[in-house]
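This is a predicted model, so every value here is computed, not measured.
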Amino acid sequence: MGDDILDRAYLTEMRQWVGEGVFATLMAQAHDNLPPVMAEMLNAWQHGDGSTFLDLAHRLKGAASSVGCRALSLAAHSFMRDPRPAETVSGAEIEALGELTRASLKALRELADQPQEMPVPARPQ
């Protein structure tokens with residue numbers, strides 16, 4: 001996984017605008033929200049429920065995008081745009097999405113643990 005797993009510019013800007021406290025809360029919510037969606041996608045796939053699988057791919061795409069998980073958002077979006085029926089997605093593809101989810105959360109955690117790169121000005125300039 002390269003540096004493009006996260007949209008660092010977006011996350012840096014978000015952090016500057018919302019502040020450390022809100023940023024930390026958003027990062028914690030990502031850890032609470034992304035794994036359950038991935039688990040629901042796996043369940044839908046295992047049960048051959050293509051419609052639910054695609055709905056959850058859309059949800060994962062949006063949730064990942066909102067917290068700067070660029071690669072995960074793009075991967076989820078690729079399932080939505082894939083012309084194959086969702087029921088034909090392979091186990092390897094599902095495992096790769098799960099691994100990307102874990103890697104994205106790890107990268108978010110590492111980013112959140114780093115000090116803010118640029119302080120927010122006290123007043124507009």
Open item on the list: What verdict does the side chain to side chain contact (heavy atoms under 4.5 Å, CB included) test give for Leu11 and Leu108, after you've listed the backbone C-alpha separation in whole Å, the side-chain angles of each residue and the deciding distance to 0.1 Å?
Closed with: CA-CA 9 Å; Leu11 288 165; Leu108 280 178; 3.9 Å; yes
Open item on the list: Apply side chain to side chain contact (heavy atoms under 4.5 Å, CB included) to residues Met41 and Arg59 and explain how you reach the verdict.
Closed with: CA-CA 10 Å; Met41 281 183 72; Arg59 192 167 138 203; over 6 Å; no
Task: Inter-residue atom distance Met38.CE - Leu100.CG, 0.5 Å rounding - done: 9.5 Å
Please tabulate, for side-chain N and O atoms in residues 26-35, each donor-acceptor pair with protein atoms closer than 3.5 Å (sequence neighbours left out).
{"from": "His31", "atom 1": "ND1", "to": "Met27", "atom 2": "O", "distance (Å)": "2.8"}
{"from": "His31", "atom 1": "NE2", "to": "Leu105", "atom 2": "O", "distance (Å)": "3.1"}
{"from": "His31", "atom 1": "NE2", "to": "Arg109", "atom 2": "NH1", "distance (Å)": "2.8"}
{"from": "Asn33", "atom 1": "ND2", "to": "Gln29", "atom 2": "O", "distance (Å)": "3.1"}

- [ ] Consider only side-chain heavy atoms of I, L, V, M, F, W and Y, link residues closer than 4.5 Å, and tell whether Met80 and Leu72 are in one cluster.
- [x] no
Open item on the list: Around atom CZ of Arg81, are there more than 12 heavy atoms from other residues, nucleotides or ligands closer than 6.0 Å?
Closed with: no
Task: Step-by-step side chain to side chain contact (heavy atoms under 4.5 Å, CB included) determination, Trp17 to Thr12 - done: CA-CA 9 Å; Trp17 280 101; Thr12 298; over 6 Å; no
Open item on the list: The criterion is ring pair (Phe, Tyr, Trp, His ring centres under 6.0 Å); which residues satisfy it with Phe79, sequence neighbours excluded?
Closed with: Phe53
Open item on the list: Quick check against the 3.5 Å criterion: does Ser73 have a side-chain atom that pairs as donor or acceptor with the backbone of Cys69?
Closed with: no
Open item on the list: Quick one, Val18 and Thr25 - any side-chain contact, counting heavy atoms below 4.5 Å?
Closed with: no
- [ ] Kindly compute the distance separating CG (Leu56) from NZ (Lys61), expressed to the nearest 0.5 Å.
- [x] 14.0 Å
TODO: Mind checking the CD1-CD spacing from Ile94 to Gln46? Nearest 0.5 Å is all I need.
DONE: 8.5 Å
Task: CG on Leu60 to NE2 on His77, rounded to 0.5 Å - done: 12.0 Å
Open item on the list: According to a hydrophobic-cluster definition based on side-chain heavy atoms being under 4.5 Å apart (Ile, Leu, Val, Met, Phe, Trp, Tyr only), do Leu54 and Leu74 belong together?
Closed with: no
Open item on the list: One thing to verify: whether Lys106 and Glu99 come together as a salt bridge, which I'm taking to mean a side-chain N less than 4.0 angstrom from a carboxylate O.
Closed with: no
TODO: Decide, yes or no, whether a salt bridge links Arg8 with Glu110 under the criterion of side-chain N to carboxylate O below 4.0 Å.
DONE: no
Task: Thr52 and Trp45, any side-chain heavy atoms less than 4.5 Å apart - done: no
TODO: Answer whether the closest heavy-atom distance between the side chains of Leu97 and Val89 falls below 4.5 Å.
DONE: no
Open item on the list: Would you compute the distance between atom CD of Glu93 and atom OG of Ser78 and round it to the nearest 0.5 angstrom?
Closed with: 8.0 Å
Open item on the list: Nearest 0.5 Å, please: how far is CG in Asp4 from CZ in Arg70?
Closed with: 6.0 Å
